[in-house]
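Remarks on the structure that follows.
Within every chain, numbering begins at 1; the chains are lettered A, B, ... in the order of the sequence lines, protein sequences first and strands thereafter. Every value quoted in this text rests on a predicted model; they were computed, and no experiment measured them.
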Amino acid sequence: MRALLNLFKRFSIITVVPRNGFSNSSFLCASISSSTSSPRPVELIQSKTTNQIALSISSALQKCTNLSSVKKAHAKTFAFGLQHDKHLSIKIAILYVSFDKVDTANIVFESTPNPSSCFWNNMIRGYATEGQFGRSLGLYNKMLQEGLIPDKFAFPFALKSCAGLSNLQLGKLVHQHLLCCGCTDDLFVNAALLDMYAKCGDVEIARLVFDKMAVRDLVCWTSMISGYAHNGYNSETLEFFNLMRGSGVKPNRVSLLSVLLACGSLGALRKGEWFHNYAIQTGFANDILVVTAVMDMYAKCGSLDLARGLFNEAAGKDVVCWSSMIACYGIHGDGRKAIDLFDAMLEAGVSPNHVTFTCVLSACGHSGLLEEGRRYFKLMKEVFRIAPKLNHFSCMVDLLGRAGQLDEAKNLIENMPVKPDATIWGSLLGACRIYGNLYLAERVADVLFHLDPLQSGYHVLLSNIYAAKGRWNKVEMVRNLMARIGANKIQGFSLIELNDRVHRFSAGDRSHPQSDGILSKLEELAAKMKRLGYVPLTDFALHDIEEEGKEEALSYHSERLAIAFGLINTNPGTAIRVTKNLRICGDCHNAIKFISKIVKRIIIVRDMHRFHHFEDGACSCRDYW
DNA sequence: GTAGGGTTAG
């Protein structure tokens with residue numbers, strides 16, 4: 001025991017960033033101050049009658065099926081002076097927790113002298129389950145301060161709370177605790193541990209935990225697959241699904257949700273369809289969670305109609321399902337349909353939440369519906385009493401900025417009750433580029449360079465604004481600044497699915513086995529485009545807009561390579577679907593319009609923010625993106 | 001007494 005406490009003493013020197021209502025600086029400090037828990041008070045000698053009353057309350061508690069019956073039993077303990085009875089208190093508190101009344105449970109807990117480990121664990125669980133992660137960890141910390149050693153029932157919830165806060169540092173600390181406490185073989189502890197690492201973004205360590213586990217159940221597999229999917233490890237998600245089936249573990253709805261998410265992110269329609277069929281065969285066709293995920297997958301793979309078909313057929317549509325379909329219309333640039341669906345949702349008696357409004361406002365932004373956006377923003381605040389979050393302000397700033405209302409957008413940022421982040425200012429800087437407002441751009445860039453100095457995108461934007469005004473000396477200055485500080489460049493890439501395989505291209509990529517064919521296709525297209533009047537947008541303002549390396553010619557941007565690859569490998573008339581990780585550049589957007597006309601194909605490109613459906617020389621975004 | 005889940009800005 002002393003060795004264990006000494007180990008805890010060492011943990012206390014680890015500095016942890018304080019957040020969410022409890023201070024970590026003293027985290028676990030007091031766990032070493034008391035070497036053993038204080039002696040229990042001698043039980044009061046109770047009369048036989050009191051014991052009988054306690055037994056009767058205890059039996060009543062076992063039959064409690066609703067909150068009011070718990071309250072009644074709780075009141076009885078006061079009436080008979082049994083409010084400090086430890087056995088009754090814990091039962092009452094656990095029941096309060098089960099009816100989502102963790103704060104009431106905490107009042108009972110606070111008034112119980114020397115609560116047992118079981119009681120502490122249930123309180124830590126209660127707060128973790130209710131999403132009050134800071135409070136849950138605050139209690140975990142306090143339990144250690146009281147000299148109690150956490151056990152296998154405390155760790156899953158302490159870890160869940162670390163995961164909920166995405167606080168990897170705290171998670172690692174709790175990991176050390178469980179190593180010291182010898183809880184390394186418990187299935188639940190390990191499942192929570194791998195989930196914590198996955199939710200905090202460290203998928204590799206999560207996988208190490210998974211691989212080390214002697215026994216694994218379905219939850220561990222699904223937690224791992226969900227970790228891959230939610231951290232953008234899309235191919236790994238699909239591989240892991242196969243591994244799971246190969247190991248004789250039958251995939252469930254949670255693993256299906258993960259693979260569908262991965263297919264959507266990859267834009268892998270064929271694979272997505274396969275999983276949709278699999279979901280039907282395995283009896284999930286009417287599961288609203290799976291249906292929503294399938295819908296989302298189809299929309300993200302460019303098939304809006306398939307998504308809408310499923311939505312129409314779905315029974316028991318809830319707010320998530322409605323919001324999801326609204327978001328689908330939004331990313332496809334059909335703001336009107338998004339709004340119509342929102343109104344239909346209200347008529348169906350489903351209440352919108354803050355996500356629904358994010359979807360609606362974003363849809364207005366993608367379609368340039370300025371007045372509608374303003375109206376829904378007001379509706380959210382005044383009728384639905386939903387306080388706007390950063391997401392909503394971000395949508396509004398984007399909407400106002402793109403519509404040319406730069407001053408209003410700036411005022412909104414300066415007066416919002418939440419702290420504006422770099423991306424919201426970045427959105428305003430983007431609007432300054434569209435409208436050539438150099439005066440405002442310089443001021444906004446100044447804020448941005450302080451907020452996020454290493455993000456090259458903002459430097460590129462400013463330099464493009466200078467270039468459009470012919471201020472070449474300033475362009476040079478920004479470029480030099482970028483080189484000096486070593487701004488991070490995000491490499492652009494595009495994905496295209498062919499015969500069940502997803503192919504990836506980056507700008508100027510010549511590593512693909514079919515590289516020669518791709519380049520000659522692009523040359524052939526370039527000649528035809530020229531004859532039709534295509535002029536490359538060599539204006540520096542549009543060059544390098546998405547950080548794809550200025551040394552690479554525009555014509556070798558990743559989306560063009562992917563499209564050329566699609567053209568030489570598919571039959572005439574087949575639609576080409578490409579997914580890109582950055583925003584499509586102006587020159588590529590223009591070029592693809594020409595290509596769609598020349599090859600007489602529908603070309604669907606999903607960029608970082610939305611879909612572009614190119615057909616017969618035009619794009620569905622009507623050049624508003 | 002314990003672990004995993006669908007929608008969301010730029």
Problem - Any side-chain donor near an acceptor of the partner, A:Y298 and A:R308, under 3.5 Å - result: no

Handout entry: Proximal nucleotide (of B:dG4, B:dG1, B:dA9) relative to the A:F153 side chain
Key = B:dG1

Practice task
Using a 4.0 Å heavy-atom cut-off across all strands, classify A:K389 as base, sugar-phosphate, or nothing.
Solution key: nothing

Handout entry: Ring-ring centroid check A:F611 A:Y329, cutoff 6.0 Å
Key = no

Completion exercise
So ring pair (Phe, Tyr, Trp, His ring centres under 6.0 Å) across residues 189-220 of chain A, not counting sequence neighbours, yields A:H175-A:Y197, A:F210-A:W221, A:F210-A:F240

Exercise for the section: For DNA chain B, determine which residues of residues 350-368 of chain A have any heavy atom closer than 4.0 angstrom to one of its atoms, and list them numerically. Expected result: A:V355, A:T358, A:C359, A:S362, A:H366

With a cut-off of 3.5 Å and sequence neighbours excluded, list every side-chain donor-acceptor pair involving residues 258-269 of chain A.
residue	atom	partner	partner atom	Å
A:S258	OG	A:V254	O	3.3
A:S265	OG	A:L261	O	3.0

Problem - Selection: residues 373-381 of chain A, any non-hydrogen atom under 4.0 Å of DNA chain B - result: none

Problem - Close approaches to DNA chain B from residues 216-227 of chain A, in residue order (heavy atom, under 4.0 Å) - result: A:D217, A:L218, A:V219, A:T222, A:S223, A:S226

Practice task
Report which part of the nucleic acid A:K300 touches: base, sugar-phosphate, or nothing (heavy-atom distance under 4.0 Å, all strands).
Solution key: sugar-phosphate

Practice task
Using a 4.0 Å heavy-atom cut-off across all strands, classify A:D318 as base, sugar-phosphate, or nothing.
Solution key: base

Practice task
Using a heavy-atom cut-off of under 4.0 Å over every strand shown, decide if A:S324 touches base, sugar-phosphate, or nothing.
Solution key: sugar-phosphate

Exercise for the section: Name the nucleic acid region contacted by A:F157, choosing base, sugar-phosphate or nothing; use a 4.0 angstrom heavy-atom cut-off, strictly under. Expected result: sugar-phosphate

Problem - Partner of A:V320 under side-chain contact (heavy atoms from CB on, under 4.5 Å), chosen from A:L289, A:T292, A:I288, A:N353 - result: A:T292

Exercise for the section: May I ask you to say what A:D296 touches in the nucleic acid, namely base, sugar-phosphate or nothing, with a heavy-atom cut-off under 4.0 Å? Expected result: sugar-phosphate

Exercise for the section: Specify the separation, in whole Å, of atom CE of A:M196 and atom C1' of B:dT2. Expected result: 16 Å

Handout entry: Listed partners of A:R207 passing salt bridge (Lys or Arg N to Asp or Glu O under 4.0 Å), at least two apart
Key = A:D211

Exercise for the section: Compute the ring centroids of A:F357 and A:F384, then answer whether they are less than 6.0 Å apart. Expected result: yes

Practice task
Look at the side chain of A:N391 and decide which nucleotide, out of B:dT8, B:dT2, B:dG6, has an atom nearest to it.
Solution key: B:dT8

Practice task
Please determine if a side-chain N or O atom of A:H230 lies less than 4.0 Å away from the OP1 or OP2 oxygen of B:dG6.
Solution key: yes

Handout entry: A:R606 with A:E559: basic N within carboxylate O range, under 4.0 Å
Key = no

Fill in the blank from the handout: The nucleotide from B:dG10, B:dG4, B:dA9 with an atom nearest the side chain of A:K199 is B:dG4

Practice task
Consider the side chain of A:L257, meaning its heavy atoms from C-beta on, and name the nucleotide among B:dG10, B:dG6, B:dG4 that approaches it most closely.
Solution key: B:dG6

